[in-house]
2 protein chains.
Amino acid sequence: MTDVPDAARTLVDPMPTAAADLLDEARETGAVVALFGRCTVDYDGRASGHLGPGDRHVLCKPDGTLLVHDPEGHQPEAWHAAGAEREATVDGTDTLVLRSERDDGTLVVRFEALAHVAAHTVESTGETEVTGTEEDLRQRVLDDPSLVEAGFRPLAVERETDAGPVDVYGEDAEGRTVAVELKRRRVGPDAAGQLERYVDALERDLHADAEVRGILVAPSVTDRCRQTLAAAGLEFVSLTP
Amino acid sequence: MTDVPDAARTLVDPMPTAAADLLDEARETGAVVALFGRCTVDYDGRASGHLGPGDRHVLCKPDGTLLVHDPEGHQPEAWHAAGAEREATVDGTDTLVLRSERDDGTLVVRFEALAHVAAHTVESTGETEVTGTEEDLRQRVLDDPSLVEAGFRPLAVERETDAGPVDVYGEDAEGRTVAVELKRRRVGPDAAGQLERYVDALERDLHADAEVRGILVAPSVTDRCRQTLAAAGLEFVSLTP
DNA sequence: GAGTTGATCTCGGGA
DNA sequence: TCCCGAGGTCAACTC
């Protein structure tokens, strides 16, 4: 044991007390801790759930995030989001208990068996950069409004209405108000409903007699979406990000 | 080295080749592998992104799932969902490269430095059980339809319409068609729009003159949701799961 | 703090 | 296979 904690520490088949110590130490140092072992999980909060005994991977982040992963799937089987308070104790002599408390609930992981515990302090986080998002699509439309239609003139982005913010708000070549809803992926009826709400709200806002066009811009739409658009008098323009 | 792979193996400050071997072995045995190290990530697919050098935790599951976690937040910074093909190679002498291929894109993780690699074979997955979901709320309504209103009679669940499936479809005390949309949480305008689409579709489906009531059942609604409901002639019933 | 929407959303169920 | 909506969604941004 040294006063200066190691940047990385690993325990194999640890005693629960040793694992608890490592978790306590990690809380001081801001380390990320990964545990492998056989455990049960109980959650109570916005919903409640129980996971029977199984081999799982548990990841504890210094911001309070706790993720319980089983061997399949992208989604954690159980979790607590950032802001949770974590506490590691030993129940009896051989059970490590991880208790995570949040305003909206409690998560408890009980390890019947522990195979690995690894802690790793993080010195720096790299920069992250993503392209191909909806905002990129919007920028493309603003740079070249004719992608929507010839003569389209954008006047505002995220223009507020009583039904929420319109992605791109503008006028067509004949001066009619146009609401554009952008989607980077093929969309279903929900996108048509979203646009419909904006158009209805704008028509109520502006004048009772105002004609407002609604244009859904997306790579493609489902049949039902097309139906919904048609029923609401809305238009579709295909644009692939 | 034995012919029978260990159920659990850990490497500390491993050579990249040793880590690659462990990843290859894990592919055979169906083990979950967790890596700690300094890495960069490049993703190209539905979008594209780059993560600069940083200390991260990488989790590889036998179903192809790959998750790259930084020290904050619930969401992985980068990922590949199940079904991806993974390959571990060594670039030069000191860089472990994890390459994950999917139909819709490629994810590459390059480790400049590796602190831990741990593999753990999974013998069994515990049962999982959740309560407090929307389906539980629906069952409650079916068991006691008066929670919606006195005289309400459910006739179908997930009743199909041209706009999608209605949560609970039924009749009120006076024989009018009722579409019920259930939400387990406080809801915004999107839920009102969803219900509106169903009601509109039902009115088109049944008769031009048919009156169809739409009732949103949720713990509470936002102001805008209430406005949208009112504008569409829809109703709200408060019910807490 | 609440409201609104996006997400490389993922996931499960049904046609 | 695609479509559709739920999710203990989470996360970002605005008011």
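Protein chains get the first letters and strands the later ones, always in sequence-line order, with residue 1 at the start of each.
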Interatomic distance where CG belongs to B:L67 and C1' belongs to C:dT10 [whole Å]:
11 Å

Return no unless some side-chain N or O of B:W79 is found under 4.0 Å from OP1 or OP2 of C:dA7.
no

Check: protein-nucleotides 11-15 of chain C nitrogen or oxygen pairs below 3.5 Å:
unit_1: C:dC11; atom_1: OP1; unit_2: A:H74; atom_2: N; d: 2.5
unit_1: C:dC11; atom_1: OP1; unit_2: A:Q75; atom_2: N; d: 3.4

Just by distance, do the side chain of B:Y43 and the backbone of B:A47 share a donor-acceptor pair under 3.5 Å?
yes

Suppose you measure atom P in D:dG8 against the same atom in D:dC4; what distance do you get, rounded to whole Å?
22 Å

Expressed in angstrom and rounded to an integer, what is the separation of A:H69 atom NE2 from C:dT10 atom C1'?
12 Å

Figure out the NZ/C1' separation between A:K61 and D:dC10, and round it to whole Å.
12 Å

Would you call the rings of B:F36 and A:H120 parallel, tilted or perpendicular if under 30° counts as parallel and over 60° as perpendicular?
tilted

Base, sugar-phosphate, or nothing for B:H80, non-hydrogen atoms under 4.0 angstrom?
nothing

Of all of residues 33-47 of chain B, which get a heavy atom below 4.0 angstrom from DNA chain C, listed by number?
B:Y43, B:R46, B:A47

Is a donor on one side and an acceptor on the other found under 3.5 Å between the side chain of B:R138 and the backbone of B:T133?
no

What pair of heavy atoms forms the shortest contact from A:T228 to B:R197, and how long is it?
CG2-CD, 3.9 Å

Any A:F152 side-chain heavy atom under 4.5 Å of A:V180 side chain
yes

When rounded to whole Å, the CG to P distance for the pair A:D103 and C:dA2 reads 11 Å

Quick one: does A:R204's side chain have a donor or acceptor within less than 3.5 Å of a partner on A:V199's backbone?
no

Round to the nearest Å and state the distance from A:R159 atom CZ to D:dT14 atom C1'.
16 Å

Check: protein-nucleotides 3-6 of chain D nitrogen or oxygen pairs below 3.5 Å:
unit_1: D:dC3; atom_1: OP1; unit_2: A:R186; atom_2: NE; d: 3.1
unit_1: D:dC3; atom_1: OP1; unit_2: A:R186; atom_2: NH2; d: 2.2
unit_1: D:dC3; atom_1: OP2; unit_2: A:R186; atom_2: NE; d: 3.0
unit_1: D:dC4; atom_1: OP2; unit_2: A:T222; atom_2: OG1; d: 2.6
unit_1: D:dG5; atom_1: OP1; unit_2: B:A163; atom_2: O; d: 3.4
unit_1: D:dG5; atom_1: OP1; unit_2: B:Y198; atom_2: OH; d: 2.7
unit_1: D:dA6; atom_1: OP1; unit_2: B:E181; atom_2: OE2; d: 3.0
unit_1: D:dA6; atom_1: OP1; unit_2: B:K183; atom_2: NZ; d: 2.7
unit_1: D:dA6; atom_1: OP2; unit_2: B:K183; atom_2: NZ; d: 3.0

What's the separation between atom CG in A:L147 and atom OG in A:S238, rounded to the nearest 0.5 Å?
11.0 Å

Given A:D167, which of A:R159, A:Q194, A:K183, A:E158 fulfils the side chain to side chain contact (heavy atoms under 4.5 Å, CB included) condition?
A:E158

Please measure how far the C1' atom in C:dT10 lies from the corresponding atom in C:dG6, and state the result in whole Å.
14 Å

Between CG on residue A:D136 and CD on residue A:Q139, distance to nearest 0.5 Å
8.5 Å

When the C1' atoms of C:dA7 and C:dC11 are considered, how many whole Å apart are they?
14 Å

For B:R38, is there an ion pair with B:E112 - N to carboxylate O distance below 4.0 angstrom?
yes

Please find out if less than 6.0 Å separates the ring center of A:H57 from that of B:H57.
yes

